[in-house]
Amino acid sequence: MELDSIDRRILRALQRTGRMSNSDLSEKINLSPSACHRRVQRLEAEGYIRDYVALLDARKMGCSSTVFVEITLSGQTDEVLDAFEREVALIPDVLECHLMAGSADYILKVVAQDTEDFARIHRQHLARLPGVQGMQSSFALRTVFKTTALPV
């Protein structure tokens with residue numbers, strides 16, 4: 001399915017305010033409520049809209065530190081990669097895990113309360129991941145900007 005300008009307007013609006021009612025959305029994008037509802041259902045069915053979530057404030061949740069962890073594995077076999085990916089997905093403090101091209105095999109985005117909490121996460125979880133040969137951690141000093149919205 002190709003996205004037209006109306007689909008794109010719907011996606012932009014929902015990325016900004018996912019909880020808006022169909023009535024509000026249809027008014028915002030200048031489309032009848034029934035046509036808007038059908039389009040949103042189609043966008044959901046075809047996988048353009050994957051989920052609706054509440055974005056929590058990390059600081060209010062006690063996770064004021066963001067740490068990016070570069071991981072180098074001992075090998076690149078499917079077994080090593082699969083074992084690592086299976087185990088890292090179980091760590092609740094890891095928000096993102098990306099397989100990389102370049103010097104590191106993976107980069108993780110980890111949240112922690114502070115440096116002591118990150119030391120606990122490192123000791124109890126990261127250091128025990130299968131196949132890890134080396135790790136380098138970088139603490140974010142300040143988040144300049146952050147978005148979940150894709151360019152539409």
Practice item. Please report the C-alpha distance between Phe118 and Val69 in whole Å, then the side-chain angles of each, then the deciding distance to 0.1 Å, and finally whether the side chain to side chain contact (heavy atoms under 4.5 Å, CB included) criterion is met. Key: CA-CA 11 Å; Phe118 179 72; Val69 182; 3.9 Å; yes
Check your understanding: Which heavy atom of Val111 sits nearest a heavy atom of Cys63, and at what distance?
Key -> CB-CB, 3.9 Å
Practice item. Begin from the C-alpha positions of Ile29 and Cys36 and carry the test side chain to side chain contact (heavy atoms under 4.5 Å, CB included) through to its verdict. Key: CA-CA 9 Å; Ile29 64 162; Cys36 182; 4.1 Å; yes
Point to revise | Separation between CG of Leu73 and CZ of Phe84, rounded to the nearest 0.5 Å | key: 5.5 Å
Check your understanding: Tell me the side chain to side chain donor-acceptor pair (under 3.5 Å) pairs involving residues 9-29, sequence neighbours left out?
Key -> Ser21-Asp24
**Study point:** For Glu70 against Ala104, the heavy-atom pair lying closest together
**Key:** CB-CB, 3.8 Å
Point to revise | Side chains of Ile107 and Ile71 in contact at under 4.5 Å (non-hydrogen atoms) | key: no
Practice item. Take atom NE2 of His37 as the centre, draw a 6.0 Å sphere, and report whether it contains more than 12 heavy atoms from other residues, nucleotides or ligands. Key: no
Exercise for review: Not counting sequence neighbours, which residues clear ring pair (Phe, Tyr, Trp, His ring centres under 6.0 Å) with Phe68? List them please.
Suggested key: none
Check your understanding: Where is the tightest heavy-atom contact between Leu3 and Arg8, given as atom of each residue plus distance?
Key -> O-NE, 3.9 Å
Review point. Can you find a pair of side-chain heavy atoms, one from Val40 and one from Ile10, that are under 4.5 Å apart?
Key: yes
Practice item. Determine whether Met61 and Val110 fall in the same hydrophobic cluster, where Ile, Leu, Val, Met, Phe, Trp and Tyr are linked whenever their side-chain heavy atoms lie under 4.5 Å apart. Key: no
Point to revise | Interatomic spacing from CD1 in Ile121 to CG in Leu108 - rounded to 0.5 Å | key: 11.0 Å
Revision key, fill the gap. Output for pair (Leu55 CG, Thr148 OG1), nearest 0.5 Å, gives 5.0 Å
Check your understanding: Quick one: CZ on Arg86 to CG on Leu81, what's the gap to the nearest 0.5 Å?
Key -> 11.0 Å
Review point. Can you list the residues that meet the side chain to side chain donor-acceptor pair (under 3.5 Å) rule with Gln113, with sequence neighbours excluded?
Key: none
Point to revise | Residue pairs passing the salt bridge (Lys or Arg N to Asp or Glu O under 4.0 Å) test where at least one lies in residues 30-47, sequence neighbours excluded | key: Asp4-Arg39, Asp7-Arg39, Asp7-Arg42
Point to revise | Thr147: side chain to side chain donor-acceptor pair (under 3.5 Å) partners, not counting sequence neighbours | key: none
Review point. Going only through I, L, V, M, F, W and Y residues with side-chain contacts under 4.5 Å, is there a path from Tyr52 to Leu150?
Key: no
Side-chain donor-acceptor distances from residues 89-102 under 3.5 Å, at least two apart:
residue	atom	partner	partner atom	Å
Glu96	OE1	His98	NE2	2.8

